Protein chains: 2
Amino acid sequence: MRLFNKIAIIGTGLIGGSLALAIKKKGLAGEVVGVSRKKATLLSARKAGAIDRGSRNLSIIKGADLVVLAIPVDTIIDLAPRIRRFIDRNCLVTDVGSTKERIVSSLNKIFPNYVGAHPLAGSEKRGILNASPGIFKGSLCILTPTAKTASAALTKINLLWKRVGAKVVFLTPAMHDRILAFTSHLPHIIAFSLISAIPDKYLPLSSTGLRDTTRIAASDDEIWEKIIFSNREQIINSISAFESSLSRIKRAVQRKDRKAVTRFLTQAKSKRDTL
Amino acid sequence: MRLFNKIAIIGTGLIGGSLALAIKKKGLAGEVVGVSRKKATLLSARKAGAIDRGSRNLSIIKGADLVVLAIPVDTIIDLAPRIRRFIDRNCLVTDVGSTKERIVSSLNKIFPNYVGAHPLAGSEKRGILNASPGIFKGSLCILTPTAKTASAALTKINLLWKRVGAKVVFLTPAMHDRILAFTSHLPHIIAFSLISAIPDKYLPLSSTGLRDTTRIAASDDEIWEKIIFSNREQIINSISAFESSLSRIKRAVQRKDRKAVTRFLTQAKSKRDTL
């Protein structure tokens with residue numbers, strides 16, 4: 001069932017491309033147009049059936065009743081004023097950025113019908129060639145409405161994410177950033193740090209444990225530099241919490257306190273078993 | 001092709017059970033017998049076709065020409081003197097323990113035909129019900145011969161692991177423990193510490209990143225307490241190396257040094273991409 005007449009996806013990469021594919025598959029829009037800096041990406045997106053038309057020029061979004069910003073967190077903020085020139089007041093705007101406080105506070109001022117969103121459906125892979133309409137099925141999508149959010153816009157963005165299969169959760173932008181610092185940003189920092197700590201010559205003897213633990217260290221480094229600096233304080237906070245936790249088991253090992261080590265491991269295991 | 005007449009597997013869990021299944025499948029032994037503390041495990045092992053006969057009593061291993069110790073690292077050392085009573089001098093003995101220096105130095109004194117081994121084929125799962133004959137295919141198996149190792153025994157244990165599909169690598173016990181502290185023990189400590197650091201109430205908002213990064217924190221806590229204390233100094237060493245690496249990115253984030261953060265992430269990603 002059609003929810004929008006014309007949806008414009010700015011950034012047809014892994015998330016933007018997958019969302020476009022899901023929208024097309026479910027028939028949620030009359031037309032889907034895509035914007036990318038790269039011609040090859042637009043060609044692949046058209047070939048995959050994710051978009052009807054694509055352009056490197058923002059003017060293609062004219063007349064859209066929904067614009068989705070699926071680009072790196074810094075670029076969302078930088079591009080917003082230029083996007084406003086091409087759409088009218090009634091156009092809904094949403095984004096899929098991994099951090100929300102800075103983006104929401106900035107975009108709330110620019111767009112009268114903006115709703116912040118963060119689908120937890122990424123992976124270490126990227127690009128339209130890895131996109132798939134099914135990645136949102138059963139995944140969580142966090143919406144971050146504020147007192148300024150138009151309720152009609154919220155209802156419709158909520159419906160969009162439900163239709164592509166996501167379970168929708170509402171959080172304030174600040175709470176989103178505090179929680180995701182722990183559940184997403186910290187694991188990335190840890191994975192990057194873990195692989196850094198392993199001497200190169202030992203890598204050929206790595207096990208599946210190391211491979212899984214560091215999988216997300218293969219994520220795009222530029223994207224992650226931007227995420228880190230858009231949620232800097234909460235991330236520093238989460239690193240400190242991790243450091244205490246690691247230092248607790250390290251000290252127990254150092255002082256040969258087998259009981260304390262067992263207690264630590266048992267608690268950790270039973271917590272992990274609930275995931 | 002038959003390599004042994006009677007193989008005794010002490011501990012028919014994930015690794016012991018999988019090895020027994022692979023031995024049966026490839027016809028590498030005339031008979032495979034199993035020892036476990038639990039009757040239910042022995043019944044499952046027989047039902048799965050991993051062993052021909054099973055017993056909770058060590059006397060079942062009499063007449064074996066190969067004994068495989070597939071039990072926790074502490075138990076390997078504790079049980080070795082009792083095992084010697086049931087076998088003769090020519091019987092080959094090997095183990096699958098995750099640390100090697102203590103085990104090899106202890107078992108070298110007890111068995112004239114002992115070869116230390118560590119197949120890198122575990123997982124966070126355990127038990128005969130998760131066993132499969134294919135888990136060694138394409139995996140690494142580290143053998144840790146010393147000057148005391150009988151060369152005929154080494155040749156035959158090498159052949160056994162090759163026949164079940166493993167790529168065999170030779171290391172000294174000390175080098176094994178130093179390397180595995182980084183490539184296996186450290187990732188486990190990090191996974192246990194990471195899940196510990198996440199506030200309980202944030203867990204429902206975890207992403208696949210957190211799930212993968214902490215998968216091995218679902219590993220058996222008792223087994224890991226023993227592994228940690230059998231390779232204590234090397235593990236403390238690897239934790240310290242990780243702490244420096246984490247502190248390097250944390251300080252760069254704190255002093256807003258975007259270039260240093262980018263450099264750190266880029267190096268980590270390109271290292272991970274080689275895995």
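Here the structure is a predicted model, which means the values were calculated and not measured. Chain letters run A, B, ... following the sequence lines, proteins first, then strands; residues in each count from 1.
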Does any backbone or side-chain atom of Leu194(B) lie under 4.5 Å from a heavy atom of chain A? Answer side chain, backbone, both or neither. both
Identified side chain to side chain contact (heavy atoms under 4.5 Å, CB included) counterpart of Phe170(A) within the set Thr144(A), Ile142(A), Leu154(A): Leu154(A)
Do Val68(B) and Leu19(B) make a side-chain contact, defined as non-hydrogen atoms from C-beta onward lying under 4.5 Å apart? yes
Below 4.5 Å, heavy-atom pairs only: which of Ser206(B), Ser270(B), Ser245(B) has the largest tally toward chain A? Ser245(B)
Is chain B contacted by the side chain of Glu222(A), its backbone, both, or neither, given a heavy-atom distance below 4.5 Å? neither
Contact origin within Leu205(A) toward chain B - heavy atom pairs under 4.5 Å: both
Look at the aromatic rings of Trp224(A) and His188(A) and report parallel, tilted or perpendicular, splitting at 30° and 60°. parallel
Do Arg251(A) and Ser247(A) pair up side chain to side chain, a donor and an acceptor below 3.5 Å, judged on atom types alone? yes
What part of Ile249(A) gets within 4.5 angstrom of chain B, counting heavy atoms only: side chain, backbone, both, or neither? side chain
So what's closer than 4.5 Å to chain A heavy atoms on Leu171(B): side chain, backbone, both or neither? side chain
Structural part of Ile228(A) lying under 4.5 Å from a heavy atom of chain B: side chain
Compute whether any side-chain donor of one residue and acceptor of the other, for Arg102(A) and Ser230(A), lie under 3.5 angstrom apart. no
Is it true that Asp177(A) and Thr99(A) share a donor-acceptor pair across their side chains at a distance under 3.5 Å? no
For each of Ala121(A), Ser240(A), Ser139(A), Ala191(A), tally heavy-atom pairs with chain B at distances under 4.5 Å, and name the one with the top tally. Ser240(A)
Looking only at Leu120(B), Ile216(B), Ile179(B), most heavy-atom pairs under 4.5 Å shared with chain A are made by Ile179(B)
At a 4.5 Å cut-off on heavy atoms, which part of Gln267(A) comes close to chain B: side chain, backbone, both, or neither? neither
Residue among Phe264(A), Phe192(A), Phe229(A) with most heavy-atom pairs under 4.5 Å to chain B: Phe229(A)
Going from OG1 on Thr213(B) to CZ on Arg215(A), what distance comes out if it is rounded to the nearest 0.5 angstrom? 7.0 Å
State, yes or no, whether a side-chain contact exists between Arg232(B) and Lys256(A) at a heavy-atom distance under 4.5 Å. yes
Let me know if Asp273(A) has heavy atoms under 4.5 Å from chain B in its side chain, its backbone, both or neither. side chain
